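Comments concern the structure below.
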There are 2 protein chains.
Amino acid sequence: MVKYNADNLNDVFSVLSDPTRRSIIEQLSNGERSVQELAEPFDMSLPAISKHLKVLENAGLVTHRKEGRYRYYSIQPDAMDGACEWMETLKQVWAKFEGMFCCSKNKKQ
Amino acid sequence: MVKYNADNLNDVFSVLSDPTRRSIIEQLSNGERSVQELAEPFDMSLPAISKHLKVLENAGLVTHRKEGRYRYYSIQPDAMDGACEWMETLKQVWAKFEGMFCCSKNKKQ
DNA sequence: ATTATACTTAACCAAATGGTTAAATATAAT
DNA sequence: ATTATATTTAACCATTTGGTTAAGTATAAT
């Protein structure tokens, strides 16, 4: 039932720490897109985008299918589950101990 | 009402992409800890831990108070909220469009 | 067959990252 | 006053990262 392991969390959080990659993910939330289309909003070379897509794919966050000379990328919706669950679990623990061990700066005002 | 901005997300996700830092956060979920105590589980020099703590603190994920020659670190429970919300929002969007635009590989079996 | 389009790979570069050891600082103990 | 403890800062190093340009591959169009 454990949805995450260290490697998965390393990869997913690392992928998400880059704003270009987050933006690509957001674009793909509107449906599959070609590399061209994904690159359009950025002031960046195509190879740079290509690299980001490879990083995203290695981490399991996107896949692609090939159609002629185009590559259509789409999100892999379950890939973030582990990272999400890791955070949620911590937040639950923290909520339980609310105000118990956090120093004054942590207290809600 | 927006809980996150690009810089915040960059920082938080970047912090969480390192297993040592995630482990420190997990330790701090049991209450505040001195640097020594935090360093104990790791086969790593104290300055390395000190650096990680600085990174964690810069991203707003932890604070510390000083007591004598000790520094006691504790979690800053709200710091992950933005990142968490960013992920949750996407997941909701993806759930809504379930099966609509994901290519076959994405479909649940 | 030639050329244009979509995209990747290769080679390179500067800056950031995550670690090290050695020296510095601050407090506590003797 | 001296020494020990807790921790940081400084200087260094190798690796990774995120970008570039130039060249290569695959498909489509003429």
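Computed from heavy atoms alone, side chains included, the values below leave out hydrogens, waters and symmetry copies. In what follows, chains carry the letters A, B, and so on, assigned in the order in which the sequence lines appear, proteins first and then strands, with residues in each chain numbered from 1. None of these values were measured; they are calculated from a predicted model.
Atom-to-atom, CZ of Phe13(B) to C1' of dT17(D) comes out at 19 Å; the value is rounded to the nearest Å. Here the P atom of nucleotide dA6(C) and the NZ atom of Lys66(A) are 14 Å apart, to the nearest Å. Atom OH of Tyr72(B) and atom C1' of dT27(C) are 13 Å apart (whole Å). Across the protein-nucleic acid pair, Arg33(B) atom CZ and dT7(D) atom C1' stand 18 Å apart, rounded to whole Å. Put simply, CD on Glu57(B) is 14 Å from P on dT7(D), counting in whole angstrom units. Across the protein-nucleic acid pair, Glu67(B) atom CD and dA26(C) atom C1' stand 15 Å apart, rounded to whole Å. Taking atom CG of residue Asn58(B) and atom P of nucleotide dT8(D), one finds them 13 Å apart after rounding to whole Å.
Each of Ile25(B), Asn30(B), Ile24(B) was evaluated against Leu28(B); a single residue qualifies, Ile24(B), per the side-chain contact (heavy atoms from CB on, under 4.5 Å) test.
Listed pair Ser45(A) / dT20(D) meets the phosphate criterion, a side-chain N or O lying under 4.0 Å from OP1 or OP2.
Note on ring orientation: taking the six-membered ring where Trp is involved, the planes of Phe13(B) and Trp86(B) are perpendicular (angle over 60°, cut-offs 30° and 60°).
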Polar atom pairs between nucleotides 11-18 of chain C and protein, under 3.5 Å, N or O only, would you list them?
{"unit_1": "dG18(C)", "atom_1": "OP1", "unit_2": "Arg21(B)", "atom_2": "NH2", "d": "3.4"}
{"unit_1": "dG18(C)", "atom_1": "OP2", "unit_2": "Arg21(B)", "atom_2": "NH1", "d": "3.1"}

Close N or O pairs between protein and nucleotides 4-6 of chain D (under 3.5 Å):
{"unit_1": "dT5(D)", "atom_1": "O4'", "unit_2": "Arg69(B)", "atom_2": "NH1", "d": "3.0"}
{"unit_1": "dT5(D)", "atom_1": "O2", "unit_2": "Arg69(B)", "atom_2": "NH1", "d": "3.3"}
{"unit_1": "dA6(D)", "atom_1": "OP1", "unit_2": "Gln36(B)", "atom_2": "OE1", "d": "3.1"}
{"unit_1": "dA6(D)", "atom_1": "OP1", "unit_2": "Gln36(B)", "atom_2": "NE2", "d": "3.3"}
{"unit_1": "dA6(D)", "atom_1": "OP2", "unit_2": "Gln36(B)", "atom_2": "OE1", "d": "2.9"}
{"unit_1": "dA6(D)", "atom_1": "O3'", "unit_2": "Arg69(B)", "atom_2": "O", "d": "3.4"}

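Proximity note for Ser50(B) (side chain, C-beta onward) versus dT21(D), dT8(D), dT27(C): the nearest is dT8(D).
Residues satisfying the salt bridge (charged side-chain N to carboxylate O under 4.0 Å, His left out) test with Lys54(A), not counting sequence neighbours, are none.
Tyr73(B) comes within 4.0 angstrom of the backbone, heavy atoms only, and of no base.
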